[in-house]
Amino acid sequence: MDTPRLLRTLAGERTSRPPIWLMRQAGRYLPEYRALRATTPDFIAFCLDPKKAAEATLQPMRRFPLDGAIVFADILLIPRALGQDVWFEAGEGPRLGALPELGVLRDHIEQVAEALSPVGETLSRVRTALEPDRALLGFAGAPWTVLTYMLEGRSSDRTAARTAAYADPERIDALLNVLVEATWRYLAMQAKAGAQVLVLFESWAEGLSEDLFQRLVVEPHRRLIDRLRQAGVTTPVIGFPRGAGALVEGYAHRVDVQGVALDTQASAELGQRVQAMGKVIQGALDPLLLRAGGPALDARVDRLMEQWGDGPHIFNLGHGVLPDTPVSHVEQVIARVTGR
Ligand code: CP3
């Protein structure tokens, strides 16, 4: 009876309304997050403080009737656990130190779950505090997206990473494999600690040729999910190949994810075709429209529910909540979807 709506939807059940959660639902648009965050200026230290990370996870759950809580952490914890320096420059974003040798990275794989055990503790704390009818989501960055940061040392246009994928395929494939091996272990640890859904953020699937998309996105996702299932982890997975455009359909077809998150550009028909493959879709409200608000926001929410309401649909954004989004707009969308 208490089975969370989000889990019922991921199991293919049709519910009276779609479940809703929002990418980046915890974060800077919330004044209480900014206040908590100010107590630990080092962002990585904040992510690895289970008490504070659990509090950040729960802040949006107290304010809004959301159906899912996503653990507060970051995709760049994995490179750090593999021995690469990671830090955040205030107002600028992530910075990574020199990429360690392959052998050094490989030597860290077995210890990744242990090194990131604070994230497991955050999950346990949140699961204890959260009502049983609300789902808890864990996540990791997908191998290619994390590798772009490891190679480029910061947010970038990924030209160097994509060039390396053509010029030095063996090295890139070996690095992706290190990330596959580290990431499934990390996700298995999260499932054990209480995560009921696992999200794979492939934020930089955009701009890849069909060949590169297959090699850098589809194959690593397949191996990662195979490894998880072989390890006995049955937790549903939502894959988010952001910016994949028309290649999303091939992704949905070839990767054994239960849910496919669609980005802002996804058409009504694309979503319906993915639903027709037996996949649950998630998305795809534009974060810019969420920030803009007004009657156009209500109209778009209604249209998304209508166009995808004939198949399983998880209501969400097409990318994360922007920092300068008014809290009242977030309230407006959640009320429109949930009726509360
Ligand atoms: O509510 C949630 O979504 C949970 C927490 C979460 C964060 N990052 C916290 C965060 C999640 C799921 C992420 C994922 C993440 N991190 C992604 C994939 C999703 C996406 O947005 O595409 C990526 C690419 C990152 C890497 C990252 N982390 C960047 C590029 C930045 C700097 C830019 C920015 O948004 O500030 C971060 C920092 C970060 N991660 C913040 C938060 C709340 C802001 C840092 C702060 O509070 O000072």
Side-chain angles (χ1 to χ4, degrees), residues 20-49 52-64 66 68-80 84 86-96 116 119 122-123 126 135-150 152-158 161 183 186-187 190 195 197-206 238-244 261-264 282-284 287 290 316-325 330:
I20 177 169
W21 69 280
L22 302 175
M23 292 189 268
R24 296 283 180 102
Q25 65 192 24
R28 285 163 296 185
Y29 75 102
L30 290 176
E32 62 270 34
Y33 170 79
R34 294 195 297 269
L36 179 67
R37 180 71 179 81
T39 64
T40 303
D42 177 342
F43 181 65
I44 298 279
F46 183 80
C47 289
L48 295 176
D49 180 332
K52 288 183 183 175
E55 176 57 23
T57 307
L58 289 165
Q59 284 174 341
M61 305 309 289
R62 295 202 189 96
R63 254 186 203 265
F64 314 114
L66 289 158
I70 182 157
V71 68
F72 193 92
D74 198 82
I75 67 165
L76 298 177
L77 296 180
I78 283 267
R80 186 178 182 275
Q84 187 172 18
V86 179
W87 68 100
F88 282 77
E89 295 284 353
E92 287 192 42
R95 293 287 184 275
L96 290 82
L116 297 180
V119 176
T122 304
L123 283 156
V126 174
L136 178 56
L137 298 94
F139 74 91
W144 166 248
T145 290
V146 174
L147 184 57
T148 65
Y149 288 97
M150 292 173 76
E152 307 236 6
R154 56 172 68 206
S155 301
S156 68
D157 68 358
R158 289 124 16 240
T183 305
Y186 178 43
L187 289 173
Q190 292 187 39
V197 179
L198 299 169
V199 187
L200 257 184
F201 286 102
E202 190 74 275
S203 300
W204 296 121
E206 92 190 46
I238 300 174
F240 181 31
R242 188 175 78 88
L262 301 173
D263 61 35
T264 303
Q282 175 182 288
L290 177 67
N316 204 317
L317 301 174
H319 201 192
V321 180
L322 297 163
D324 50 354
T325 302
V330 175

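Reckoned from all heavy atoms, side chains included, excluding hydrogens, waters and symmetry mates. Numbering of ligands and ligand atoms starts at 1, following listing order.
The protein heavy atom nearest to atom 23 (C) of ligand 1 is Ile75 CD1, 3.4 Å. Scanning all protein heavy atoms for the shortest distance to atom 31 (C) of ligand 1 gives Phe88 CE2, 3.7 Å. Ranking the protein heavy atoms by distance from atom 42 (C) of ligand 1 puts Phe43 CZ, 3.6 Å first. Counting only heavy atoms of the protein, atom 11 (C) of ligand 1 lies nearest to Phe139 CZ, 3.6 Å. For atom 32 (C) of ligand 1, the nearest non-hydrogen atom of the protein is Pro94 CD, 3.8 Å. Among all non-hydrogen protein atoms, the one lying nearest atom 47 (O) of ligand 1 is Tyr33 OH, 2.5 Å. Taking atom 46 (C) of ligand 1 as the reference point, the nearest protein heavy-atom neighbour is Arg37 NE, 3.2 Å. The protein heavy atom nearest to atom 27 (C) of ligand 1 is Asp74 OD1, 3.6 Å.
Looking at Ala38, Ala73, Ala26, it is Ala73 that brings a heavy atom closest to atom 5 (C) of ligand 1. Nearest residue to atom 2 (C) of ligand 1 from Arg24, Met23, Glu89 is Arg24 (criterion: closest heavy atom). Nearest residue to atom 4 (C) of ligand 1 from Leu30, Leu22, Val71 is Val71 (criterion: closest heavy atom). Taking all heavy atoms of Arg28, Gln25, Glu92 into account, the minimum distance to atom 33 (C) of ligand 1 is reached by Arg28.
Annotation for Ala56 and Tyr33: closest pair CB-CD1, 4.2 Å, computed over non-hydrogen atoms. Taking each heavy atom of Leu76 and Pro94 in turn, the nearest pair found is CD1-CB, 3.3 Å. When all heavy atoms of Pro79 and Ile75 are compared, the pair lying nearest together is CD-O, 3.8 Å.
For ligand 1, none of its N or O atoms has an N or O atom of Arg242 under 3.5 Å away.
Listed by number with element, the atoms of ligand 1 under 4.0 angstrom from any heavy atom of Ser203 are 18 (C), 19 (C), 20 (C), 22 (O), 24 (C). Distances below 4.0 Å separate heavy atoms of His319 from the following atoms of ligand 1: 20 (C), 21 (O), 22 (O). Counting atoms of ligand 1 from 1 in the listed order, those under 4.0 Å from a heavy atom of Ile70 are 1 (O), 2 (C), 3 (O), 4 (C). The atoms of ligand 1 that sit less than 4.0 Å from any heavy atom of Ser155 are 30 (C).
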As a quick check of understanding, evaluate salt bridge (charged side-chain N to carboxylate O under 4.0 Å, His left out) for Glu32 and Arg63, giving each step before the final call. CA-CA 11 Å; Glu32 62 270 34; Arg63 254 186 203 265; 2.7 Å; yes
Under the side chain to side chain contact (heavy atoms under 4.5 Å, CB included) rule, what do Gln59 and Leu36 come out as? Steps first, then yes or no, please. CA-CA 10 Å; Gln59 284 174 341; Leu36 179 67; 3.8 Å; yes
Start with the C-alpha distance between Met61 and Gln25, add both sets of side-chain angles, then the distance that settles side chain to side chain contact (heavy atoms under 4.5 Å, CB included), and finish with yes or no. CA-CA 9 Å; Met61 305 309 289; Gln25 65 192 24; 3.8 Å; yes
Could you please spell out the steps behind the side chain to side chain contact (heavy atoms under 4.5 Å, CB included) verdict for Phe64 and Ile20? CA-CA 10 Å; Phe64 314 114; Ile20 177 169; over 6 Å; no
In sequence, state the C-alpha distance, the side-chain angles, and the governing distance for Met23 and Asn316, and then conclude on side chain to side chain contact (heavy atoms under 4.5 Å, CB included). CA-CA 7 Å; Met23 292 189 268; Asn316 204 317; 3.7 Å; yes
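Within the 4.0 Å heavy-atom shell around ligand 1 one does not find Ala56. Ligand 1 does not have Trp204 within reach: every non-hydrogen atom of the residue lies 4.0 Å or more from it. In this structure, Tyr149 has a heavy atom closer than 4.0 Å to ligand 1. For Gly320, the heavy-atom gap to ligand 1 stays at 4.0 angstrom or more.
At a heavy-atom cutoff of 4.0 Å, ligand 1 is contacted by no atom of Phe46, backbone or side chain. Contact annotation: for Ala90 versus ligand 1, there are no heavy atoms closer than 4.0 Å.
Across Thr122, Val199, Leu137, a single residue satisfies side chain to side chain contact (heavy atoms under 4.5 Å, CB included) together with Val71, and that is Thr122.
Heavy atoms from other residues, nucleotides or ligands lying under 6.0 Å from CZ of Arg80 number 12 at most.
A perpendicular orientation is assigned to the rings of Phe72 and Phe46, their planes being inclined by more than 60° (bins at 30° and 60°).
In this structure the side chain of Pro287 never reaches within 4.5 angstrom of the side chain of Thr325, judged on heavy atoms. For the pair Ile78 and Leu116, the minimum side-chain heavy-atom distance is below 4.5 Å.
Between Glu89 and Arg154, no side-chain nitrogen of the basic residue sits less than 4.0 Å from a carboxylate oxygen of the acidic one, so the salt-bridge criterion is not met.
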